[in-house]
Protein chains: 2
Amino acid sequence: MTATPDARPRGTRLPRLARRRQLLGAAQEVFVAQGYHAAAMDEIAERAGVSKPVLYQHFPGKLELYLALLDEHAEALVNTVRDALGSTTDNKLRVQASMQAFYDFVAGEGEAYRLVFESDLRNVAPVRARVERANTQCAEMIAQVIAEDTNAPADEAHLLGMGLVGMAEVSARYWLSQHRAIPKDTAEKIIARLAWRGISGFPRTG
Amino acid sequence: MTATPDARPRGTRLPRLARRRQLLGAAQEVFVAQGYHAAAMDEIAERAGVSKPVLYQHFPGKLELYLALLDEHAEALVNTVRDALGSTTDNKLRVQASMQAFYDFVAGEGEAYRLVFESDLRNVAPVRARVERANTQCAEMIAQVIAEDTNAPADEAHLLGMGLVGMAEVSARYWLSQHRAIPKDTAEKIIARLAWRGISGFPRTG
DNA sequence: CAGCGAGGTTACTGGCGCGTAGGATGATGG
DNA sequence: CCATCATCCTACGCGCCAGTAACCTCGCTG
């Protein structure tokens, strides 16, 4: 039971924008560690070495603070996947790069992936919308490639895309939960192979 | 906006066990619809046509009530997958049956799958343990088959198992979110084909 | 060096919701 | 017809926490 990684030196004054960034950082730590519900605004403020009203001078409420972080990381995921798909036109390499994108995202600093993949609060509409949108966008980008290179109808391509997204997401979270027992690039390759064998030359055969 | 499916006739007396079952039913409706946090014990009681203390005569607290439901459905999932894997020794059919197991689970009465796949409250240890255990057991049973029929090492087989679980789970949830735009058996076959092509004859080639 | 504004603080309120104390009421056996 | 027990009710206590009111202080500017 080591003492909590103590709050920053209380009493330093910061310009508005720097303070905002710092608050977002503190909020991320707390939201990731505790989830939305168990996270107290008091604790976020304390971790930033500041009192609660300061938080409310930067964000209208707890939900908006959370949404700011969620938006940030949901967008990061989508961008990573987009970049992966755009990095080559060789579909086999595309699959490899896409899987790596998910593993990179999950391995990212501060376990921020939890905000997107393990949010409590999906029952609240704006949160649900954002989480689903991130997933859908990823699946859709993949479906796009599938639809272009096979004769699969759009519905089917979407379903396949979502299947691949699920494979990547869940396996990556599992890999991390095992504290990287398998080297990252090995895990990526195993899953990429599973995905590529599954998807390649999809139109013909059964 | 139709009126809520109103509470049962207030005032009927029930023997202990019947009441317990009814309370579990009411609780499931509310937890599924609202999630753990937004669900109020008052509302669960009201939906059962009963007052709150009755709830506390059957369950020591809100968490235990929730866990009772979670256990029930987590076990149901694991059993469905186990049966699917045991239903044949033809691996291709096994994959087909396993995918169907997930789609069946998700399509089950009352959207109970949400308790397992979309629980808010994963930040609470006993809940997290149960959800992870269900996932792990499914993945492990699949990994077992993979390890037996290929030369893949255990680590790798587990990762592959979890990849397939993720594929099934996420694609099934997506399929349902589209309100069954694709016929169930069609979706199952598409995903089963993706899985089977991915996993079959895994040892050799890349 | 006065005064003003950005940045920060303490201390409170108001509501919500879990859990409980204490009492009523219907069935069942003597 | 009376006692007894299980079942169920009304009504409240109490802690927690998001959000707010009112006040402070540093440092810059004229």
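Given the structure is predicted, the values throughout are model-derived calculations rather than measurements. Lettering of chains follows the sequences in order, A, B, ..., and the numbering in each one begins at 1.
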Visitor: Side chain of B:Ser51: nearest nucleotide among D:dT10, C:dC18, D:dA21?
Guide: D:dT10

Visitor: Taking the side chain as every heavy atom from C-beta outward, state whether A:Phe102 and A:Ser171 have any pair of such atoms under 4.5 Å apart.
Guide: no

Visitor: How many Å lie between CG on A:Leu17 and C1' on C:dG7, as a whole number?
Guide: 14 Å

Visitor: Tell me: CD of B:Glu46 to C1' of D:dT10, nearest whole Å?
Guide: 15 Å

Visitor: Rounded to the nearest 0.5 Å, how far apart are CZ of B:Arg94 and CD1 of B:Ile146?
Guide: 11.0 Å

Visitor: Could you check how far CD of B:Glu43 sits from P of C:dC18, rounded to whole Å?
Guide: 10 Å

Visitor: Which residues in residues 56-66 of chain A have a heavy atom closer than 4.0 Å to any atom of DNA chain D?
Guide: A:Tyr56, A:Gly61, A:Lys62

Visitor: Measuring to OP1 and OP2 of C:dA6, would you say a side-chain N or O of A:Arg19 lies under 4.0 angstrom away?
Guide: no

Visitor: Would you call the rings of B:Phe31 and B:Tyr66 parallel, tilted or perpendicular, where under 30° means parallel and over 60° means perpendicular?
Guide: perpendicular

Visitor: The side chain of B:Met41 lies closest to which of these nucleotides: C:dC18, C:dG7, D:dA18?
Guide: C:dC18

Visitor: Would you indicate whether A:Arg133, at its atom CZ, is surrounded by more than 12 heavy atoms from other residues, nucleotides or ligands within a distance under 6.0 Å?
Guide: no

Visitor: Without decimals, in angstroms, what is the distance between A:Tyr36 OH and D:dC17 C1'?
Guide: 11 Å

Visitor: Separation of A:Arg16 atom CZ from C:dG5 atom P, in whole Å?
Guide: 16 Å

Visitor: Taking only nitrogen or oxygen atoms into account, show me every contact under 3.5 Å that the protein makes with nucleotides 24-29 of chain D, one pair per line with its distance.
Guide:
| unit_1 | atom_1 | unit_2 | atom_2 | d |
| --- | --- | --- | --- | --- |
| D:dT25 | O2 | A:Arg13 | NH2 | 3.2 |

Visitor: Taking only residues two or more places apart in sequence, or in another chain, which ones meet B:Ala187 in a side-chain contact (heavy atoms from CB on, under 4.5 Å)?
Guide: A:Leu159, B:Tyr103, B:Trp175, B:Ile182

Visitor: When the distance from CZ of A:Arg20 to C1' of C:dG7 is rounded to whole Å, what number comes out?
Guide: 16 Å

Visitor: Would you call B:Leu164 and A:Met167 a side-chain contact if the rule is heavy atoms closer than 4.5 Å?
Guide: no

Visitor: Nearest whole angstrom, please: distance from the C1' of C:dC16 to the NE2 of B:His37.
Guide: 15 Å

Visitor: Please report the distance, rounded to the nearest Å, between CG in A:Asp42 and P in C:dA11.
Guide: 14 Å

Visitor: Quick check: does any side chain N or O of B:Arg130 sit under 3.5 Å from a backbone N or O of B:Leu67, one acting as donor and the other as acceptor?
Guide: no

